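Quick note on labels: first sequence line is chain A, next is B, and so on, each numbered from 1. Because the structure is a prediction, the values reported are computed rather than measured.
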There are 2 protein chains.
Amino acid sequence: MARAGLTVERVVQAAAELADEVGFDNLTVSALARRFGVKDASLYSHLKNAQDLRERVAVLALAELADRAASALAGRAGKDALVAFANAYRDYAKEHPGRYAAMQVDLTPEIAATSRADRHSEMTRAILRGYHLPEPDETDAVRLLHSTVHGYTALEAAGGFRHHPRDTEASWSKTLDALHALLGNWPS
Amino acid sequence: MARAGLTVERVVQAAAELADEVGFDNLTVSALARRFGVKDASLYSHLKNAQDLRERVAVLALAELADRAASALAGRAGKDALVAFANAYRDYAKEHPGRYAAMQVDLTPEIAATSRADRHSEMTRAILRGYHLPEPDETDAVRLLHSTVHGYTALEAAGGFRHHPRDTEASWSKTLDALHALLGNWPS
DNA sequence: TCCCGGAACCTAGAGGCTCTAGGCTATCAC
DNA sequence: GTGATAGCCTAGAGCCTCTAGGTTCCGGGA
């Protein structure tokens, strides 16, 4: 009978890969079951429903990205840290567009509390500590930094920059320069 | 028999309203037909398919937002213009979350060429002209500005900022101050 | 060794959404 | 009036979600 040997972990992992291949919007329980050579209904003993699947992919992605960012940050400070952190974000989105999309959609309170709010903004704060901003300016800067990195990543992924010949890599590099300059010269 | 009197315009307008109410993801042809008191199939003489519906909503939203931004920009310059433009964006996203979401997803080349690439980034350039940046810095600044405004709007809408007590309105205001300062002191 | 409980997987089926093919009916121009 | 056209319909196929209720594999205890 050759069982597929499904577990929640394997299912979610495969779902993440599928999302990267076909897009997060096209991540369906049916397609996932097909990939395992299994009937749709079989997956529902591992998943609550389709929304549950998407949330689990989001949690996986948040944890993965946090790990990468943490590694990138290790031993760095100042602008080095800023650049490493931002690149970890952007590179992850390029490598795993489906997972990155998953992270954005499903920020329900419980999910967000699980991983993002904790590790991600904590790392951002760690970077900003090098710029010595008093509160509440540091919080504002955290939000600005997140916004810009996420916004750039999202717009670039959606193809929003391809109408202009300017290289997006160069603009990205310049954007990080500008953010560094801004943080070092934060308006009072 | 009391016909519903459907036209493409009315259908798309209603779709935009529906998207704002139930979320862009939940915008379906079926739900729209239900709202008109009409069978699903009837809408397919006005629409090519479901994707076509979403794209039309995106085009509508892009045009509406461009109009608003243009009005907000009229007669303003410098920081006033920057703030007015950014607020037009953010306010629109708050008022019309479904339409704002529509704008992001569907940036296929043809659609984008229709409205966004033209009017939106042209207005952004008009604002930046006040800061006298040479090329390619102006292009980089356009991308940074778009990224930050969009990123902040998206993260705020997704609830990404509600884990911290700091008022999002105050952070937004400070973010615009910071952008203004940055543009006025762009690193070479 | 046997059996037994739980986990893994199944079939069957209801209900929703998408979209096509083909037919009827207001309504407006002439 | 009489066509022509646009607006709307029924019927139905295909895919996706999810529930209810089986059946089969597998490890651990008597």
[X] side-chain proximity, nearest of [options]:
| X | options | value |
| --- | --- | --- |
| B:N49 | D:dC9, C:dC19, C:dC10 | C:dC19 |
| B:A41 | C:dC9, D:dC9, D:dG7 | D:dC9 |
| A:Y44 | C:dC9, D:dT17, C:dT20 | D:dT17 |

Practice task
Taking only the side-chain nitrogens and oxygens of A:R34, find out if one of them lies under 4.0 Å from OP1 or OP2 of D:dC16.
Solution key: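 Yes, because at least one side-chain N or O of A:R34 sits under 4.0 Å from OP1 or OP2 of D:dC16.
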
Distance check needed: [N] [atom2] versus [X] [atom1], whole Å only.
| X | N | atom1 | atom2 | answer |
| --- | --- | --- | --- | --- |
| A:D52 | D:dC16 | CG | P | 19 Å |
| A:D40 | D:dG14 | CG | C1' | 13 Å |
| B:L6 | C:dA26 | CG | C1' | 14 Å |
| A:F36 | C:dA8 | CZ | C1' | 13 Å |
| A:K39 | D:dC18 | NZ | P | 18 Å |
| B:R10 | D:dG7 | CZ | C1' | 12 Å |
| B:R35 | C:dC17 | CZ | P | 14 Å |
| B:L43 | D:dC9 | CG | P | 9 Å |

Practice task
Using a heavy-atom cut-off of under 4.0 Å over every strand shown, decide if A:A31 touches base, sugar-phosphate, or nothing.
Solution key: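 The answer is nothing, as A:A31 stays clear of every strand by at least 4.0 Å.
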
Exercise for the section: Answer with base, sugar-phosphate or nothing: what part of the nucleic acid does A:S30 contact at a heavy-atom distance below 4.0 Å? Expected result: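 The residue A:S30 makes base contact.
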
Handout entry: Over-ring placement of A:R68 relative to A:Y92, 6.0 Å and 45° cut-offs
Key =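 Pair A:R68/A:Y92 does not count as cation-pi.
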
Handout entry: Pair A:R166 + B:E138, salt bridge at N-O below 4.0 Å
Key =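 Between B:E138 and A:R166 there is no salt bridge, as every charged N stays at least 4.0 Å from the carboxylate O atoms.
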
Handout entry: Lys/Arg N to Asp/Glu carboxylate O, B:E95 vs B:R90, below 4.0 Å
Key =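 Salt bridge absent between B:E95 and B:R90.
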
Problem - End-to-end axis angle, where each axis spans five pairs of the helix from C:dT1-D:dA30 to C:dC30-D:dG1, to 10° - result: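 One end's axis against the other's: 10°.
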
Problem - Most 5' of A:A50 and B:T7 on DNA chain D, judged by nearest nucleotide - result: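 Nearest nucleotide further toward 5': that of B:T7.
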
Exercise for the section: Compute the centroid of each ring, for B:Y152 and then for B:W172, and state whether the two points are separated by less than 6.0 Å. Expected result: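 Under 6.0 Å, so yes.
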
Problem - Centroid-centroid under 6.0 Å between B:F24 and B:Y100 rings - result: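 Here the rings of B:Y100 and B:F24 have centres that are no less than 6.0 Å from each other.
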
Practice task
Mind telling me whether B:F85 and B:H146 have parallel, tilted or perpendicular rings, with 30° and 60° as the class edges?
Solution key: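 Answer is tilted, since the angle falls between 30° and 60°.
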
Practice task
Apply the test side-chain contact (heavy atoms from CB on, under 4.5 Å) to residues A:L65 and A:M103: give CA-CA distance (whole Å), side-chain angles for both, the deciding distance (0.1 Å), then the verdict.
Solution key: CA-CA 10 Å; A:L65 178 49; A:M103 290 175 31; 3.7 Å; yes

